*Asks:* 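Take a look at this one; I'll ask things after.
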2 protein chains.
Amino acid sequence: MASKENPRPGGRSARVQAAVHQAVREMLARMERADVTIPLIAQRANVTPSTIYRRWGDLQELLADVSASRLQPETEPLKTGSAWMDLQAWAEQYADEMSSGAGRQMIRDILAVSDTANAEKCSGYTQQQLRVIVARAEEQGEAFPTLTELMDFVISPIMYRILFDQVPSNDYIHGLISRVMPKVAASPEIAEITADVSGV
Amino acid sequence: MASKENPRPGGRSARVQAAVHQAVREMLARMERADVTIPLIAQRANVTPSTIYRRWGDLQELLADVSASRLQPETEPLKTGSAWMDLQAWAEQYADEMSSGAGRQMIRDILAVSDTANAEKCSGYTQQQLRVIVARAEEQGEAFPTLTELMDFVISPIMYRILFDQVPSNDYIHGLISRVMPKVAASPEIAEITADVSGV
DNA sequence: GGCTAAAAGCAAATAATTTGCGTTAGCAAC
DNA sequence: GTTGCTAACGCAAATTATTTGCTTTTAGCC
């Protein structure tokens, strides 16, 4: 039901989709989420409500669709020199984005819908970013956790906290990463880097 | 807005709440979730819709409320002899319940609402159960992870997978638990138990 | 037993959603 | 280009859900 890939790529359909997405983003920025309705969105996007109902089904699916597209990363993880630090910096930014009011709401909107396509897409984005960092580590021969380990022991705890209780601090994230790093990370040299970064 | 604690414990209010909860549970069991509406619930509960609107606000909050109450555990974790095995058995059951269609839907309903009270309650239930197991381990002098470690490295990865992609297998859970156990778990004696359990 | 206020019922008013049908506009074949 | 085809859109009527003002019930308290 959610807006799938290019039914008629260059045409009116695409323009409508863009206008609706745009309208939703603007409205979410300007008003209470509870006050956002399909008729209002339709009005702002210069579209009839029935178009939105037919294409997205209901408000939840539309919001999930918009949120998923907003969570698509636009850049690769920053390159700091060591994959370890890339990971630390990336994870902090990830947690920051996701635990902000807007970020939490986007995740909720994505998870609320029974169709898991958007949730999978979102998790896919995360994995894509992490893969880049893992690949860098490999290139440089740095000892590094696998993608699965990162998802299970860094991303998952962060996401759980965001969803169920509190926002994860940078110290907390740092602890997760230290723990998942290969034992080499306990060597004095790396410990020093660790101290540096956690002090930022 | 969600039904808080005892405004007038013994009276009509409580009866209405019970009737509405009951109606929701029955309807969720008998029909498509998308077809459940407040007017229908009201009818089945012999209550006017405006009562539900005033008390819960909207369908999402009502469903979140009902789901949270359904997730409250009724029994303590089973006692198998070792805290380690208690944990394994409990985590498997937890993952099973949560990854079933109904379980996933309940979690989604709880997370969908912006008020995090229900989500916290739900996470609280989990921690309560785990605390029982941790306490048993302590009593018996068994080496055991902390509650925080269990939440971060066992519960969180399970929940992430349920929410974002696939259902966690028992083998996967077993792997998580092995990994979080103190190094003692690598001793031959425990390794043997491990093999037994994973074979179940 | 009577008072009080919170919660429920009722019904009218408003708003959202669905639906049938006519219209528009990409796309392709010619 | 022009034409034909069809997916997607617009429009408006019908349906359904939600809100709201007012009345009635009833639990808790003296």
Side-chain angles (χ1 to χ4, degrees), chain A residues 1-24 26-28 30-66 69 109 112-115, chain B residues 1-24 26-28 30-66 69 109 112-115:
Chain A
M1 192 64 60
S3 110
K4 291 288 173 244
E5 314 322 321
N6 321 348
R8 280 181 166 182
R12 180 164 62 161
S13 208
R15 282 200 305 280
V16 167
Q17 136 120 10
V20 170
H21 272 230
Q22 179 65 17
V24 170
E26 289 172 7
M27 295 187 69
L28 286 179
R30 282 164 186 64
M31 49 194 293
E32 288 294 317
R33 188 168 171 296
D35 298 334
V36 175
T37 65
I38 287 187
L40 282 179
I41 294 167
Q43 183 173 24
R44 179 176 266 265
N46 273 110
V47 153
T48 52
S50 63
T51 293
I52 297 182
Y53 286 116
R54 280 205 243 257
R55 240 175 108 164
W56 282 278
D58 61 17
L59 182 59
Q60 288 202 330
E61 294 207 54
L62 172 55
L63 291 178
D65 187 40
V66 171
S69 83
D109 287 338
V113 159
S114 70
D115 174 13
Chain B
M1 193 62 61
S3 112
K4 292 286 172 248
E5 316 321 321
N6 322 347
R8 281 183 166 181
R12 180 166 62 163
S13 209
R15 283 200 305 279
V16 167
Q17 137 120 10
V20 170
H21 272 230
Q22 180 65 19
V24 169
E26 289 173 8
M27 294 186 70
L28 286 178
R30 282 168 187 61
M31 50 194 293
E32 287 295 317
R33 199 199 121 73
D35 298 333
V36 175
T37 65
I38 288 188
L40 282 179
I41 294 167
Q43 183 172 25
R44 180 177 267 264
N46 273 111
V47 153
T48 55
S50 63
T51 293
I52 297 181
Y53 286 116
R54 282 207 239 259
R55 241 175 110 162
W56 282 277
D58 62 15
L59 182 60
Q60 288 201 332
E61 295 207 53
L62 172 56
L63 291 178
D65 186 41
V66 172
S69 83
D109 288 337
V113 161
S114 68
D115 174 12

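Naming: A, B, ... by sequence-line order, numbering from 1 per chain. Worth saying up front: this structure is predicted, and the values here are computed from it rather than measured.
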*Asks:* Any idea which of C:dT18, C:dA16, C:dA7 is nearest the B:Arg12 side chain?
*Replies:* C:dA7
*Asks:* Considering only C:dA7, D:dT19, C:dC21, which nucleotide approaches the side chain of B:Tyr53 most closely?
*Replies:* D:dT19
*Asks:* Are any of B:Ser13's side-chain N or O atoms less than 4.0 Å away from OP1 or OP2 of C:dA7?
*Replies:* no
*Asks:* Just the rounded figure in Å: distance from C1' of D:dA17 to CG of A:Asp58.
*Replies:* 14 Å
*Asks:* Does a nitrogen or oxygen in the side chain of A:Thr37 sit under 4.0 Å from OP1 or OP2 of C:dA16?
*Replies:* yes
*Asks:* Report, as yes or no, whether the 6.0 Å neighbourhood of atom CD on B:Gln22 holds more than 12 heavy atoms from other residues, nucleotides or ligands.
*Replies:* yes
*Asks:* Using atom CD1 of A:Ile41 as one end and atom P of C:dA16 as the other, report the distance to the nearest whole Å.
*Replies:* 11 Å
*Asks:* Rounding to a whole Å, what distance do you find between A:Trp56:CH2 and C:dA16:P?
*Replies:* 18 Å
*Asks:* Does B:Arg33 come within less than 4.0 Å of B:Asp109, counting only side-chain N to carboxylate O?
*Replies:* yes
*Asks:* How many whole angstroms separate atom CD of B:Gln43 from atom C1' of D:dT18?
*Replies:* 17 Å
*Asks:* Is there, by distance only and without an angle test, a donor paired with an acceptor across the side chain of A:Ser50 and the base of D:dC11 below 3.5 Å?
*Replies:* yes
*Asks:* When the distance from CD of A:Glu61 to P of C:dT17 is rounded to whole Å, what number comes out?
*Replies:* 13 Å
*Asks:* Only one of B:Val47, B:Val66, B:Leu59 clears side-chain contact (heavy atoms from CB on, under 4.5 Å) with B:Ile41; which?
*Replies:* B:Leu59
*Asks:* Just to confirm, is there a sub-4.0 Å distance from OP1 or OP2 of D:dA8 to any side-chain nitrogen or oxygen of A:Arg15?
*Replies:* no
*Asks:* Roughly how many Å is it from CG in A:Asp35 to P in C:dA16, rounded to a whole number?
*Replies:* 10 Å
*Asks:* How many whole angstroms separate atom CG of B:Leu62 from atom P of D:dA17?
*Replies:* 15 Å
*Asks:* To the nearest 0.5 Å, what is the distance between OG1 on A:Thr51 and CZ on A:Arg12?
*Replies:* 8.0 Å
*Asks:* Please tell me which of A:Leu59 and B:Val47 maps to the more 5' nucleotide of DNA chain C, matching each residue to the nucleotide holding its nearest heavy atom.
*Replies:* B:Val47
*Asks:* Can you identify which nucleotide, out of C:dA16, C:dT19, D:dT18, has its nearest atom closest to the A:Pro39 side chain?
*Replies:* C:dA16
*Asks:* For C:dA8 and B:Arg55 - does any side-chain N or O of the residue sit under 4.0 Å from the phosphate oxygens OP1/OP2?
*Replies:* yes
*Asks:* Is there a side-chain contact between A:Thr51 and the phosphate of D:dC9, meaning an N or O under 4.0 Å from OP1 or OP2?
*Replies:* no
*Asks:* Rounded to the nearest Å, what distance is computed from the CG atom of residue A:Leu40 to the C1' atom of nucleotide C:dT14?
*Replies:* 14 Å
*Asks:* Working to the nearest 0.5 angstrom, can you tell me the gap between A:Met27 CE and A:Arg44 CZ?
*Replies:* 6.5 Å
